[in-house]
S.K.: 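There's a structure below that I have some questions on.
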Amino acid sequence: MTYLKPGKLCFLLVVPCVWMASRRRPKGKRNLAIAAACLIYALVVMQGTVLIQGRLFDYVARREVAPVNRLPNSFPAGESEQERVTFNPNVVYITMRSKRIKPANIRGTVRPKLRKKWTAKRAQTVRESDPGPFKSQGSQSIDQRLSGTEDATRLHATLARAEVERRVESSHRAGERKSTQAQNQNTGSNIRIYSDSAPSWLSRQDINAMRFLADSSIAQIHKVPQTGRRPLYLLEGVAGEQQSLKPSSRDLSKAPGCRQPCGVLKRPVDVSEVFAFHLDRILGLNRSLPAVVRRVHFIRDSLPRPVILWDDSLQMADNDTQSTVKLDWMSYQQLLKWKCWVHGKVPKPDWRCTDIHHYEWSKLALFDFLLQVYNRLDRNCCGFRPRKEDTCAQNGLKMKCDHQDNISLFHILYRDRDPRHLVFIDNKGFFDRNEDNLNFKVLQGITEFPESAISILKNGLLRERLLQSLFLDKLYWESQGGRRGIEKLIDVIERRATIFLTYINAHGFKVLPMNE
């Protein structure tokens, strides 16, 4: 709706008054009264307009002294952009949201001190109940000396390992676990068996040898020199500690060995030989020597090292290949074709067979492929791409692969009382080799494989049995990072087993019972 302004209203009132008072209209009392009323009313309206304008000017003057900012879109309806008056060009936006202030620490938002005290008390209880891997020479822990990490980090790692051990222990019966656990704590053994009997794939002699290697006192150290290689260090146990292990009948003056049972001390990088021992027993091959991990405190670094049972009955010839029988690649392939001693058949003289049974080569090839051991059948690394740190690459043996028929085999050994069966030594495996770089040369010429080992690889029992078997060796379990680290190694073996099964199926190789 449109309203008239006061000026226009006065003009409309004055005009009829003047018109009525003019000469053109008849002069009468009525008209004079109307004209006078209109004039008075016009004067009153004009006076009011002047007052209103004066007040408005005073209000504007006060606004200029103390300006007030108007928000956008707050002008009256119908007012155009030109009619908007802004007394202060700087527009201020007001928000109802105040500045966010960090809340104070109230109860329940900060970890209570009671939890820290409980954690420290729990760590002390774990250390007191399991003194083996935590204490060393002096008051400083071995883990802190080796890695230099904080106590809190080691604490969480210790609690994680304890949780893993509890999971594995849950597979045994509760009553047996309590009785045997108290016995193990009293004896301080590094071989953990929480049941009435050991796993079925480990014999009583294996368990006795493992306990001897892990727990026996060291009476003497023998240094055995080797031609062109590092010397061997034999740890001789104290007489009478292990009655189940028969002492050697050989004289130290005639051959290197020990009067009492001994263990061969190896480097920390050879710790994979412990894994190889358990894998050998699970697959039913039974060709490797017992091995455990032990921390020898008189060594400077005090790192966990593998200790292998010394067997002085091995006929080790004094040659470059350290083998009982000296073979090259060509003669080895000829032996595989003749299948010497299979089904008790005596080989012909022109076959040039050795005393080793034909099935032994199948077991050796399977074992070396899963662990990617190359120092026996492929010393020059001709079947894969070696790394710079591999022995064949450092010695330049890779360049001699042009004449592979003349390459000798290494560590082909058997016992003097059992010439039909091989003994696997130096079983250092490699778990960091990719699937596209596996050494299939160790399988060359083998067309038959043991049924017992293939059944383990097929039925999915390999992981479960490896976890149960490796858990027995306490120091090895902890040195590999507990169950998480052990399962990473098992993952590698399972992937290689899948590749191996695909390989034998693609070539149509036979799977035979080899319990001759």
S.K.: Please check: side-chain N/O of Ser362 versus main-chain N/O of Glu448, any donor-acceptor pairing under 3.5 Å?
M.R.: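 A pair under 3.5 Å: yes.
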S.K.: Return yes if some donor-acceptor pair links the side-chain N/O of Ser469 with the main-chain N/O of Leu466 below 3.5 Å, else return no.
M.R.: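 Checked: no pair found.
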S.K.: Can you tell me how far apart CD1 (Ile456) and CD1 (Ile454) are? Round to the nearest 0.5 Å.
M.R.: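 Separation between the atoms: 10.5 Å.
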S.K.: Is the side chain of Asp280 donor-acceptor paired with the backbone N or O of Arg287 at a distance under 3.5 Å, no angle test?
M.R.: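 Yes: the side chain of Asp280 pairs with the backbone of Arg287.
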S.K.: Counting only heavy atoms not in Arg495 (residues, nucleotides, ligands), do more than 12 fall under 6.0 Å from its CZ?
M.R.: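 More than 12 within 6.0 Å, yes.
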S.K.: Just wondering, are more than 12 heavy atoms of other shown residues or ligands nearer than 6.0 Å to CH2 in Trp338?
M.R.: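 Count not over threshold, so no.
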S.K.: Find out whether the Lys NZ or Arg CZ of Arg420 is both under 6.0 angstrom from the six-membered ring centre of Trp341 and within 45° of the ring's axis.
M.R.: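 The answer is yes, since Arg420 meets both limits relative to Trp341.
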S.K.: What's the verdict on side-chain contact (heavy atoms from CB on, under 4.5 Å) for Leu327 and Leu335, showing C-alpha distance, side-chain angles and the deciding distance?
M.R.: CA-CA 10 Å; Leu327 295 173; Leu335 294 178; 3.9 Å; yes
S.K.: Using a 3.5 Å distance criterion without hydrogens, assess whether the side chain of Asp390 forms a donor-acceptor pair with backbone atoms of Pro386.
M.R.: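 A pair under 3.5 Å: no.
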S.K.: Of the non-hydrogen atoms in Tyr414 and Val325, which two are nearest, and what is the gap between them?
M.R.: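 Distance-wise, the nearest heavy atoms are CE2-CG2, 3.5 Å.
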S.K.: For the atom pair CG (Asn208) and CZ (Arg211), what is the distance rounded to the nearest 0.5 Å?
M.R.: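 Between Asn208 CG and Arg211 CZ, I get 8.0 Å after rounding to 0.5 Å.
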S.K.: Within the supplied structure, the quantity of interest is the number of heavy atoms (other residues, nucleotides, ligands) at a distance under 6.0 Å from Lys398 NZ; does it exceed 12?
M.R.: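 More than 12 heavy atoms, drawn from other residues, nucleotides or ligands, come within 6.0 Å of this atom.
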S.K.: Looking only at the side chains, is there a donor atom on one of Arg385 and Asn439 sitting less than 3.5 Å from an acceptor on the other?
M.R.: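 No - no donor-acceptor pair under 3.5 Å links their side chains.
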S.K.: Hey, what do you get for CD (Glu273) to CG (Leu279), rounding to the nearest 0.5 Å?
M.R.: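 That separation rounds to 13.0 Å.
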S.K.: Kindly give the heavy-atom pair with the smallest separation between Trp361 and Leu336, and that separation in Å.
M.R.: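 Smallest heavy-atom distance, with atoms named: CB-CD2, 3.7 Å.
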S.K.: Is there a donor-acceptor contact under 3.5 Å from the side chain of Ser216 to the main chain of Leu213?
M.R.: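 No: the side chain of Ser216 does not pair with the backbone of Leu213.
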S.K.: Scan for disulfide (SG to SG under 2.5 Å) pairs involving residues 390-426, sequence neighbours excluded, and state none if there are none.
M.R.: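 Matches after skipping sequence neighbours: Cys381-Cys392, Cys382-Cys401.
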S.K.: Less than 4.5 Å apart, side chain to side chain, heavy atoms only: is that true for Thr321 and Ile412?
M.R.: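 A side-chain contact is absent here, since even the closest heavy-atom pair is not under 4.5 Å.
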S.K.: Keeping the roles fixed (side chain from His357, backbone from Tyr359), state whether a donor-acceptor pair exists under 3.5 Å.
M.R.: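 Such a contact is found between His357 side chain and Tyr359 backbone.
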S.K.: For Leu235 and Phe298, work out which heavy atoms get closest and say how close.
M.R.: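 Closest approach of Leu235 to Phe298: CD2-CZ, 4.3 Å.
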S.K.: Using a strict cut-off of less than 4.0 Å between a Lys/Arg side-chain nitrogen and an Asp/Glu carboxylate oxygen, indicate whether Arg281 and Asp206 qualify as a salt bridge.
M.R.: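 Yes.
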S.K.: Quick one: does Asp378's side chain have a donor or acceptor within less than 3.5 Å of a partner on Val442's backbone?
M.R.: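 Answer holds: no.
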S.K.: Do NZ/NE/NH1/NH2 and the carboxylate oxygens of Lys488 and Asp491 come within less than 4.0 Å?
M.R.: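 Salt bridge between Lys488 and Asp491, a charged N being under 4.0 Å from a carboxylate O: no.
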S.K.: Evaluate side chain to side chain donor-acceptor pair (under 3.5 Å) for Arg417 paired with Ser313, printing each intermediate quantity in order.
M.R.: CA-CA 8 Å; Arg417 63 179 181 272; Ser313 64; 3.2 Å; yes
S.K.: Between Val274 and Ala291, which heavy-atom pair has the shortest distance, and what is it?
M.R.: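 Shortest heavy-atom contact: CG1-O, 3.9 Å.
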S.K.: Quick check with a 6.0 Å cut-off and a 45 degree axis cone: is Lys441 positioned over the face of Trp329's six-membered ring?
M.R.: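 Here Lys441 passes the 6.0 Å and 45° test against Trp329.
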S.K.: Restricting to pairs with a member in residues 258-291, which pass ring-ring contact (aromatic ring centres under 6.0 Å, His included), not counting sequence neighbours?
M.R.: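 Passing the test, one end in residues 258-291: Phe275-Phe431.
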S.K.: Between Asn395 and Met399, does the side-chain contact (heavy atoms from CB on, under 4.5 Å) criterion hold? Intermediate values first, please.
M.R.: CA-CA 10 Å; Asn395 298 335; Met399 307 302 295; over 6 Å; no
S.K.: Minimum heavy-atom separation for Ala365 and Leu443, please, with both atom names.
M.R.: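 Of all heavy-atom pairs spanning Ala365 and Leu443, the closest is O-CD2, 3.6 Å.
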S.K.: Looking at Asp432 and Arg387, does any basic side-chain N land under 4.0 Å from a carboxylate oxygen?
M.R.: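 Yes, Asp432 and Arg387 are salt-bridged.
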S.K.: Is the backbone N or O of Phe424 less than 3.5 Å from a side-chain atom of Arg376, with the two atoms forming a donor-acceptor pair by type?
M.R.: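 Flag not set: sc Arg376 to bb Phe424 has no pair under 3.5 Å.
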S.K.: Please work out whether the ring planes of Phe369 and Phe440 are parallel, tilted or perpendicular, with thresholds of 30° and 60°.
M.R.: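 Aromatic pair Phe369/Phe440 classed tilted.
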S.K.: Can you tell me which residue pairs pass the ring-ring contact (aromatic ring centres under 6.0 Å, His included) test with a partner in residues 372-411, sequence neighbours excluded?
M.R.: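 Sorted pair list: Tyr374-Phe384, Tyr374-Phe430.
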S.K.: Between the side chains of Glu478 and Lys474, is the shortest nitrogen-to-carboxylate-oxygen separation below 4.0 Å, so that they form an ion pair?
M.R.: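 No.
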S.K.: Do you know which two heavy atoms are closest between Arg192 and Asp473, and how far apart they sit?
M.R.: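 Here Arg192 and Asp473 meet closest at NH2-O, 4.4 Å.
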S.K.: When the ring planes of Tyr194 and Phe471 are compared, do they come out parallel, tilted or perpendicular, using 30° and 60° as the limits?
M.R.: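 Rings of Tyr194 and Phe471: tilted, 30 to 60°.
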S.K.: Using atom types as modelled and distance alone, determine if a side-chain donor or acceptor of Ser455 lies under 3.5 Å from a backbone N or O of Glu451.
M.R.: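 Side chain of Ser455 to backbone of Glu451: a pair is present.
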S.K.: side-chain contact (heavy atoms from CB on, under 4.5 Å), that's the test. Do Val293 and Asn190 meet it? Break it down for me.
M.R.: CA-CA 9 Å; Val293 170; Asn190 289 324; over 6 Å; no
S.K.: Kindly determine whether Asp328 and Ile407 satisfy side-chain contact (heavy atoms from CB on, under 4.5 Å), including the steps that lead there.
M.R.: CA-CA 5 Å; Asp328 55 19; Ile407 298 178; over 6 Å; no
S.K.: With distance as the sole criterion, is a donor-acceptor pair present between the side chains of Ser189 and Asp215 under 3.5 Å?
M.R.: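 Short answer, yes.
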S.K.: Quick one: does Arg496's side chain have a donor or acceptor within less than 3.5 Å of a partner on Leu370's backbone?
M.R.: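 Looks like yes, one N/O pair under 3.5 Å.
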S.K.: When the ring planes of His507 and Phe509 are compared, do they come out parallel, tilted or perpendicular, using 30° and 60° as the limits?
M.R.: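 The arrangement is parallel - the two ring planes meet at less than 30°.
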S.K.: Show every donor-acceptor pair shorter than 3.5 Å between a side-chain atom in residues 497-505 and any protein atom, with sequence neighbours excluded, or say none if there are none.
M.R.:
residue : atom : partner : partner atom : Å
Thr498  : OG1  : Glu494  : O            : 3.0
Thr502  : OG1  : Thr498  : O            : 2.9
Asn505  : ND2  : Leu501  : O            : 3.0

S.K.: The criterion is side chain to side chain donor-acceptor pair (under 3.5 Å); which residues satisfy it with Gln480, sequence neighbours excluded?
M.R.: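 None.
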S.K.: In Å and rounded to the nearest 0.5 Å, what is the OG1 to CG distance from Thr324 to Leu314?
M.R.: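 Output value for this atom pair is 7.0 Å.
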S.K.: Enumerate the residue pairs fulfilling disulfide (SG to SG under 2.5 Å) with a member in residues 328-371, sequence neighbours excluded, ordered by first and then second residue.
M.R.: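 Residue pairs passing disulfide (SG to SG under 2.5 Å), neighbours aside: Cys340-Cys353.
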